[in-house]
Amino acid sequence: MAQLSDDCFAFGGALMAVEEAQALIAARIPPAEGEELVALAAARGRVLARELVAPLPLPPFANAAVDGWAFRHADLREDGPTRLVEAGRVAAGHVAAAPVAPGQAVRVFTGAPMPPGAETCVMQEDVSRDGGAILVPPGLKRGANARPAGEDVAQGAVALEAGRRIGPAEIGLAAALGRTHLAVRPLPRVGVFSTGDELAEPGAALGPAQTYDSNRFTLLALLGGLPCAASDLGILPDDPGRTAAALAEAARTHDLLLTSGGVSTGEEDHVRAAIEAGGTLVFWRLAVKPGRPAAMGMVGGTPVVGLPGNPVAAVVCFLHLARPLLLRLAGAAGTPLARFGAVADFAYRKKPGRREYVRVTLAEADGVTQARKFPREGAGLLSSLTESDGFAELPEDVTAVAPGDRIMVLPFAGLL
Ligand code: AMP
Ligand code: MG
C-alpha cells in the first residue's frame with residue numbers, strides 16, 4: 001500500500017468534532033490502490049476494485065415466468081375467453097422448435113425461452129382445457145407472466161460499482177453474469193496493541209492490581225467484520241520509550257495501527273508522546289462522549305489511531321475513527337454505519353458542543369421502535385454493551401432529550 005507522509009496533517013490542538021476528524025481522514029488518506037483476483041467463494045467481505053460491467057443481459061433471453069402457455073397478445077379477445085390451439089412444448093433449458101403462429105399457444109414452463117412470436121403467458125391455474133385447445137380468460141396485459149431479456153440488468157450496464165463491499169447478493173449477481181473471480185482491493189494490514197501496566201493476558205494468573213485485557217479482543221473481533229488482515233500485537237507496558245519503539249517497528253509492516261489506553265493526560269499516558277516522537281500527531285481529543293481521549297497520527301507513513309482505554313469509549317472511537325479510516329485504506333469509502341430513527345423512552349440532559357452516544361435497549365410498540373436508556377453510564381462498563389441494543393446518537397447541538405423525541409440509533413446488530 002502507498003506510504004503516506006507523516007506531516008500531511010497539522011495538529012490544531014482543540015477538541016475536534018467527530019465530523020471534522022472524519023473529514024480530515026477522508027481528505028488525507030489516499031484511496032486504496034492495487035488489486036488481486038479472488039474466486040467468488042473467497043470474495044465475501046472484500047472490496048470490489050473495478051466496476052463490474054454486465055457482459056450479457058440478465059436474464060440472457062426472454063423467458064416464461066410461470067408454468068403455463070405462451071402466445072401472441074394480439075390474439076386475445078377483450079370481451080371473453082380466447083380459444084387457442086395447443087402447439088408445441090418448451091421446458092426450461094430447451095429451445096422452442098418453431099415460432100408460435102396466430103391462434104396457437106405453446107406449453108411452457110418457468111425459465112423456458114419464450115417461443116419466437118410470443119410475448120405473453122397465462123398461468124396454468126387460470127386456464128380451462130378444451131380438448132387440444134385452451135381457454136384463456138380476458139384481461140391479460142401484453143407481456144404478462146414473461147420476463148424480457150435484460151429486465152434485471154441490461155447488457156453493458158454497470159452491475160456493481162468499484163468500492164462496493166462484496167456480500168452474498170453481489171456474489172450471486174457476479175455468478176449470474178458468468179464470472180468465476182472478482183478483482184478486489186488488497187486487505188490493509190492492521191495491527192492492534194493494548195497499553196497498560198495493569199493489563200494481564202486472559203488465561204494468565206491475575207496479579208493484585210491487574211485486570212484482564214479486553215479491548216484487544218473486542219477490537220480484533222470488530223476488525224473481523226471489516227476488510228482487513230488484523231494482527232494481534234500484544235500488550236505494551238506504560239513506558240514511553242518502549243511504546244514509541246513498538247509503534248515505529250510495527251509501522252513498517254502494517255497499513256494501520258490501533259492502540260487502546262494511554263492516550264489521556266495522565267503521567268502514565270504515553271501513546272500521544274510516542275506518536276509525536278516517531279511521526280506527527282494529527283488530532284488529539286475528540287468532542288465525543290464516551291471517547292474524548294482519542295488520538296490520530298502518522299508514524300513512519302502509517303496512520304495510528306490511539307483509542308481510549310475505557311472499553312465503551314474504545315468501541316465508540318473505533319466505530320467513528322478507526323472504521324472509516326480502515327474502509328478508506330480498503331477502498332470501501334462511503335460505507336456509513338447503519339442508523340435508524342426511533343422514539344426516545346427516556347429523559348436526558350447533555351452539554352452542547354459534543355456528540356454523545358447513549359446506550360439504549362430497543363423495543364417495539366405499535367410499530368414504532370422505542371429506545372430506552374441503559375440505566376448505568378460508565379465508559380468502562382462492558383456489560384452495558386452486552387445488555388443494550390445500540391447507541392442513541394445525540395448530536396452536538398442537542399442539550400436535552402425528552403420522552404417522545406425522535407432520535408437516531410446505531411444498532412449493534414452486525415457490529416458488536
Ligand atoms: P487509560 O486510558 O490507559 O488511563 O485507561 C482507562 C481505563 O481503561 C483504565 O481503567 C484501564 O485499566 C482501562 N483499560 C485500558 N486498556 C484496557 C484494555 N485493553 N482492556 C480493558 N481495560 C482497559
Ligand atoms: Mg493506561
Side-chain angles (χ1 to χ4, degrees), residues 15-16 21 190-224 230-247 250 254 256-277 281-297 299 304-323 354 356-357 359 374 376-388 391 412 415-416:
L15 225 66
M16 186 174 278
V190 185
V192 182
F193 288 108
S194 287
T195 72
D197 284 350
E198 77 280 27
L199 299 181
E201 190 71 33
L206 204 59
Q210 285 193 305
T211 186
Y212 287 121
D213 179 1
S214 67
N215 287 346
R216 207 159 28 104
F217 299 89
T218 309
L219 295 171
L220 288 165
L222 280 163
L223 290 168
S231 40
D232 181 348
L233 301 180
I235 301 169
L236 291 172
D238 287 321
D239 176 292
R242 287 178 66 181
T243 305
L247 288 184
H254 291 86
L256 171 62
L257 295 176
L258 304 182
T259 64
S260 69
V263 74
S264 195
T265 43
E267 279 175 24
E268 294 299 340
D269 291 327
H270 303 299
V271 171
R272 177 190 162 183
I275 293 173
E276 286 173 320
L281 190 69
V282 175
F283 57 78
W284 177 58
R285 301 203 303 162
L286 273 192
V288 65
K289 183 185 173 190
R292 191 162 91 135
M296 197 224 139
V299 171
V304 180
V305 178
L307 300 166
N310 279 308
V312 182
V315 168
V316 167
C317 292
F318 177 90
L319 294 177
H320 295 96
L321 294 180
R323 182 183 180 277
R354 72 180 181 202
E356 286 197 28
Y357 288 96
R359 283 143 276 176
F374 187 77
R376 292 172 293 134
E377 280 174 26
L381 300 174
L382 280 160
S383 61
S384 70
L385 294 179
T386 59
E387 291 172 25
S388 55
F391 287 122
F412 292 160
L415 285 177
L416 296 183

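Side-chain atoms are counted along with the backbone in the values below, which use heavy atoms only and exclude waters and symmetry mates. Order of listing sets the numbers, starting from 1, for every ligand and every atom in it.
Residue Arg216 forms a side chain to side chain contact (heavy atoms under 4.5 Å, CB included) with just one option from Thr259, Leu233, Asp232, and that option is Asp232.
Rounding to the nearest 0.5 Å places CZ of Phe391 at 6.5 Å from CZ of Arg359.
Regarding atom 4 (O) of ligand 1, its nearest protein heavy-atom neighbour is Asp269 OD1, 3.9 Å. Ranking protein heavy atoms by distance to atom 21 (C) of ligand 1, first place goes to Ser214 OG, 3.4 Å. Protein heavy atom at the shortest distance from atom 14 (N) of ligand 1 is Gly309 O, 3.3 Å.
Within the 4.5 Å cutoff, the side chain of Val190 has no heavy atoms near those of the Leu257 side chain. Between Glu387 and Phe374 there is a side-chain heavy-atom pair separated by less than 4.5 Å. Residues Leu222 and Phe217 fail the side-chain proximity criterion, which asks for heavy atoms closer than 4.5 Å.
Residue contacts with ligand 1 include Ser260, since one of its heavy atoms falls under 4.0 Å from the ligand.
Residue-ligand proximity, Gly262 to ligand 1, at heavy-atom distances under 4.0 Å covers atoms 1 (P), 2 (O), 3 (O). Under a 4.0 Å criterion applied to the non-hydrogen atoms of Asp213, ligand 1 contributes the atoms 18 (C), 19 (N), 20 (N). Counting atoms of ligand 1 from 1 in the listed order, those under 4.0 Å from a heavy atom of Ser194 are 19 (N).
Closest non-hydrogen pair, Thr243 versus Pro237, comes out as OG1-O, 3.6 Å. When all heavy atoms of Pro311 and Ser214 are compared, the closest pair comes out as CG-OG, 4.1 Å.
Between the Asn215 side chain and the Gly309 main chain, a donor and an acceptor come within less than 3.5 Å of each other.
In Glu198, the part holding a heavy atom less than 4.0 Å from any atom of ligand 1 is the side chain. When non-hydrogen atoms are compared, ligand 1 lies under 4.0 Å from neither the backbone nor the side chain of Ile235.
Distances from atom 16 (N) of ligand 1 to the heavy atoms of Leu307, Asn310, Asn215 show the closest one on Asn215.
An N or O contact shorter than 3.5 Å is missing between Ser264 and ligand 1 by distance. Considering both main-chain and side-chain atoms, Arg216 never comes within under 3.5 Å of ligand 1 through any nitrogen or oxygen pair.
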